[in-house]
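First up is the structure itself, then whatever we jot down about it.
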Amino acid sequence: MATALNESAHTQHDLPAKEIPALRVRDGLGGIRTFRRDQLGFLRGGLEKFGDIYRFRLLNMRMVMLNHPDYIRHVLVDKSEQYDKNAAIFRIARPVLRDGLIATPDMELWRRQRRMMAPYFTPRTVSKFAHNMTDETTSMLERWEARPEAGPPLDVTDEFGQLALRIVSRSLFSAEVGDAAQAFERAFQLANTVLGKFFSFPFPPLSFPTPSHVRLRRAIDKMDGFVSQFIQKRLTDEVEVGHEPDLLSLFLHAVDEGDGKGMDLEQLHHEVLNICVGAYETTTNTLAWAFYLLARHPEVESKLHAEVDGVLGDRTVPDFEDMPRLTYTRMIVDEVLRIYSPAYQLMRHTREEDVIDGYRVPAGTQVLVNSYLLHRHPDFWEDPERFDPERFSPEQIAQRPKHAYVPFGSGPRVCLGKHFALTEICLAMATIARKYRLVTPEGAPEVLPDALITLHPKNGVHLRLERR
Ligand code: HEM
């Protein structure tokens with residue numbers, strides 16, 4: 001980058017800031033037709049033409065695409081107060097997420113909620129939930145055990161979806177979710193599809209009762225019902241004495257240090273739903289992509305098996321204390337999150353005019369960071385399509401700018417569940433890899449990513465089970 005990142009609309013030498021190069025789209029539909037056809041291709045085209053910063057219009061929105069680690073640190077960390085979540089993607093997701101942590105544009109509310117909830121997501125607190133992660137993975141393997149060996153390939157996206165939901169539900173509510181997990185999954189998938197399409201074609205408004213908007217309403221009611229059954233039960237039942245506190249009871253008793261008050265029930269409901277949504281699809285997809293890639297890279301799989309066997313010795317299931325020694329497992333997870341970053345759209349809205357690297361960013365601009373593309377930036381990733389966990393060796397990490405890799409975001413709004421997710425994914429992977437190989441079925445086609453609100457494997461991942 002040529003100049004420092006400045007604070008006013010003038011550069012260091014008081015020259016007026018430059019205009020950001022504009023990508024013109026003339027498709028007669030305000031850019032939406034082109035964007036909808038191939039969102040990632042469209043955004044990549046702009047980067048190839050202009051480099052790490054350019055602007056374009058989508059309908060009446062002024063969008064700026066950023067693809068340099070310094071720009072990303074500027075927006076997410078250094079000037080995070082100035083870039084809020086009043087951005088298109090969060091406005092679209094708000095019918096589901098409401099004023100919970102993930103999407104709320106209200107900075108005061110967010111600060112208060114984050115202060116109250118953050119203590120329950122530190123590595124130390126997460127360690128208390130590790131047994132939920134390994135117990136639920138072990139139960140999944142017992143269900144796999146009962147499958148006929150010559151049966152059809154396993155729909156691993158579905159399996160990992162249920163696993164992720166069972167783990168987060170046990171950690172939140174100390175409850176077995178059983179069949180309710182599938183109902184939540186179906187409702188979530190429907191909402192993701194309707195809202196994902198709405199992102200690329202926002203007509204008619206969601207309040208207009210088209211058949212898909214009516215289905216979306218029902219899906220939201222289902223997800224709300226899933227959460228409220230557990231909250232209502234907790235409010236009416238006696239709490240068991242000596243019970244290890246789950247996240248719900250921690251949230252119920254959390255008090256803000258500022259005003260000494262807790263969350264009201266509506267806010268609690270929204271936060272619990274945000275945790276379910278935040279935890280469900282992201283971890284599901286990471287595990288599904290991980291085993292998809294492992295099945296296609298036997299050399300990486302063998303190294304994983306060697307590590308897991310060495311760390312576990314006679315045991316079949318890892319525990320939290322094994323985490324520091326599962327270093328290669330963690331490198332695989334980091335590399336999967338690079339290639340298929342599930343929460344790949346980090347959008348912000350500029351509250352005031354700003355200057356980034358000498359370029360003027362007017363107030364009201366929608367700023368777009370796309371981690372799918374950033375994680376393939378040729379200046380920071382050699383041969384970016386290659387699956388290579390060695391990129392995450394301590395030596396290689398030290399050579400890259402920190403903000404070239406942001407699967408969990410960065411700054412004050414970094415993923416609240418980052419430690420939870422990494423613990424869950426590493427422990428689940430190690431538990432599975434100790435017992436099973438997941439193998440590509442003969443003639444199976446390549447699985448392509450589907451860029452909806454999150455990035456997920458189009459048509460799912462289907463693999464064959466092989467006992468080790
Ligand atoms: C591989 C798994 C996960 C990935 C890749 C992921 C990714 C992200 C990203 C990128 C953000 C920031 C979005 C932004 O800045 O615009 C975020 C926020 C968030 N995530 Fe995650 N997430 C994962 C798992 C989880 C889990 C397991 C939980 C809960 C247990 C969770 C809860 C949240 C919450 C509550 C926020 C909002 C934080 C705030 O604004 O204060 N996530 N996540």
Side-chain angles (χ1 to χ4, degrees), residues 72-73 75-77 80 83-93 97-107 109-118 120-122 125-126 129 132-133 160 163-172 246-248 250-251 270-290 330 333-349 366-372 374-375 403 405-429 453-456:
I72 290 157
R73 196 195 57 237
V75 168
L76 297 183
V77 185
S80 60
Y83 289 86
D84 67 24
K85 283 208 174 179
N86 217 335
I89 189 164
F90 298 112
R91 289 214 294 264
I92 287 163
L97 299 171
R98 268 79 43 111
D99 253 333
L101 275 187
I102 298 177
T104 183
D106 179 338
M107 297 278 218
L109 174 68
W110 168 79
R111 247 188 295 277
R112 183 173 187 279
Q113 291 301 118
R114 179 96 187 194
R115 252 192 329 254
M116 273 195 280
M117 293 164 68
Y120 310 125
F121 290 90
T122 61
T125 326
V126 164
F129 300 116
N132 292 339
M133 300 166 184
F160 294 148
L163 175 67
L165 212 53
R166 284 168 197 257
I167 290 173
V168 76
S169 304
R170 253 178 86 167
S171 308
L172 274 164
D246 53 27
L247 286 168
L248 179 58
L250 294 170
F251 294 166
H270 294 161
E271 298 302 3
V272 170
L273 183 72
N274 274 242
I275 298 291
C276 290
V277 169
Y280 161 63
E281 235 228 344
T282 47
T283 35
T284 303
N285 291 339
T286 310
L287 277 168
W289 286 120
R330 172 63 195 270
V333 175
D334 288 343
E335 175 67 343
V336 173
L337 287 168
R338 180 188 70 83
I339 299 189
Y340 297 117
S341 189
Y344 70 108
Q345 307 191 79
L346 302 171
M347 271 188 96
R348 293 294 188 269
H349 159 267
Q366 305 275 325
V367 176
L368 194 60
V369 173
N370 185 302
S371 57
Y372 182 91
L374 177 73
H375 294 172
H403 288 87
Y405 180 66
V406 287
F408 293 100
S410 187
R413 294 199 82 151
V414 67
C415 175
L416 181 74
K418 177 179 171 179
H419 302 300
F420 191 101
L422 289 170
T423 308
E424 172 179 343
I425 296 163
C426 287
L427 290 180
M429 252 176 74
I453 295 263
T454 52
L455 188 84
H456 77 129

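Each ligand, and each atom within it, is numbered from 1 in the order the structure gives.
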Go through the steps to decide whether L97 and F90 satisfy the test side-chain contact (heavy atoms from CB on, under 4.5 Å), and finish with yes or no.
CA-CA 9 Å; L97 299 171; F90 298 112; 5.6 Å; no

What's the spacing between F160 CZ and T286 OG1 if we round to 0.5 Å?
11.0 Å

Measure the distances from the heavy atoms of V168 to every atom of ligand 1 and state whether one is below 4.0 angstrom.
no

If we only count N/O pairs under 3.5 Å, is T283 in contact with ligand 1?
no

Heavy-atom contacts under 4.0 Å between K85 and ligand 1: side chain, backbone, both, or neither?
side chain

Who gets closest to atom 25 (C) of ligand 1 by heavy atom: P407, S371, G278?
G278

Among W110, F129, F408, which residue places a heavy atom closest to atom 9 (C) of ligand 1?
F408

Atoms of ligand 1 less than 4.0 Å from T286 heavy atoms?
1 (C)

Any nitrogen or oxygen of Q345, side chain or backbone, less than 3.5 Å from one on ligand 1?
no

Is there a polar contact between ligand 1 and R413, counting only N or O atoms under 3.5 Å apart?
yes

Which of the numbered atoms in ligand 1 are below 4.0 angstrom from a heavy atom of L346?
10 (C), 13 (C), 14 (C), 15 (O), 16 (O)

Among G100, G417, S80, which residue places a heavy atom closest to atom 32 (C) of ligand 1?
G417

Within the 4.0 Å heavy-atom shell around F90, which atoms of ligand 1 are there?
16 (O)

Nearest 0.5 Å, please: how far is CG in L346 from NZ in K85?
8.0 Å

Can you name the atoms of ligand 1, numbered from 1 with element, that are less than 4.0 Å from a heavy atom of I102?
34 (C), 35 (C), 36 (C), 37 (C)

Return the orientation label for the Y340 and W289 ring planes: parallel under 30°, perpendicular over 60°, tilted otherwise.
parallel

Out of all atoms in ligand 1, which are within 4.0 Å of some heavy atom of R348? Include the element for each.
14 (C), 15 (O), 16 (O)

Heavy-atom proximity to atom 31 (C) of ligand 1, best of G411, A118, C415, A164:
C415

Residue pairs meeting salt bridge (Lys or Arg N to Asp or Glu O under 4.0 Å), one or both in residues 334-345, sequence neighbours left out, come to R330-D334, E335-R338, E335-R391

May I ask whether M117 has any heavy atom positioned less than 4.0 angstrom from an atom of ligand 1?
no

For I425, atoms of ligand 1 separated by under 4.0 Å from a heavy atom:
1 (C)

List every atom of ligand 1 that sits less than 4.0 Å from any heavy atom of F121, numbering the atoms from 1 in the order shown and giving each element.
30 (C)

Could you tell me whether some N/O pair between N274 and ligand 1 is separated by less than 3.5 angstrom?
no

Separation between NE2 of H403 and CD1 of I72, rounded to the nearest 0.5 Å
8.5 Å

Of the choices A103, P412, A279, which has the non-hydrogen atom that lies closest to atom 27 (C) of ligand 1?
A279

Within 4.0 Å of some non-hydrogen atom of G409, the atoms of ligand 1 are 10 (C)

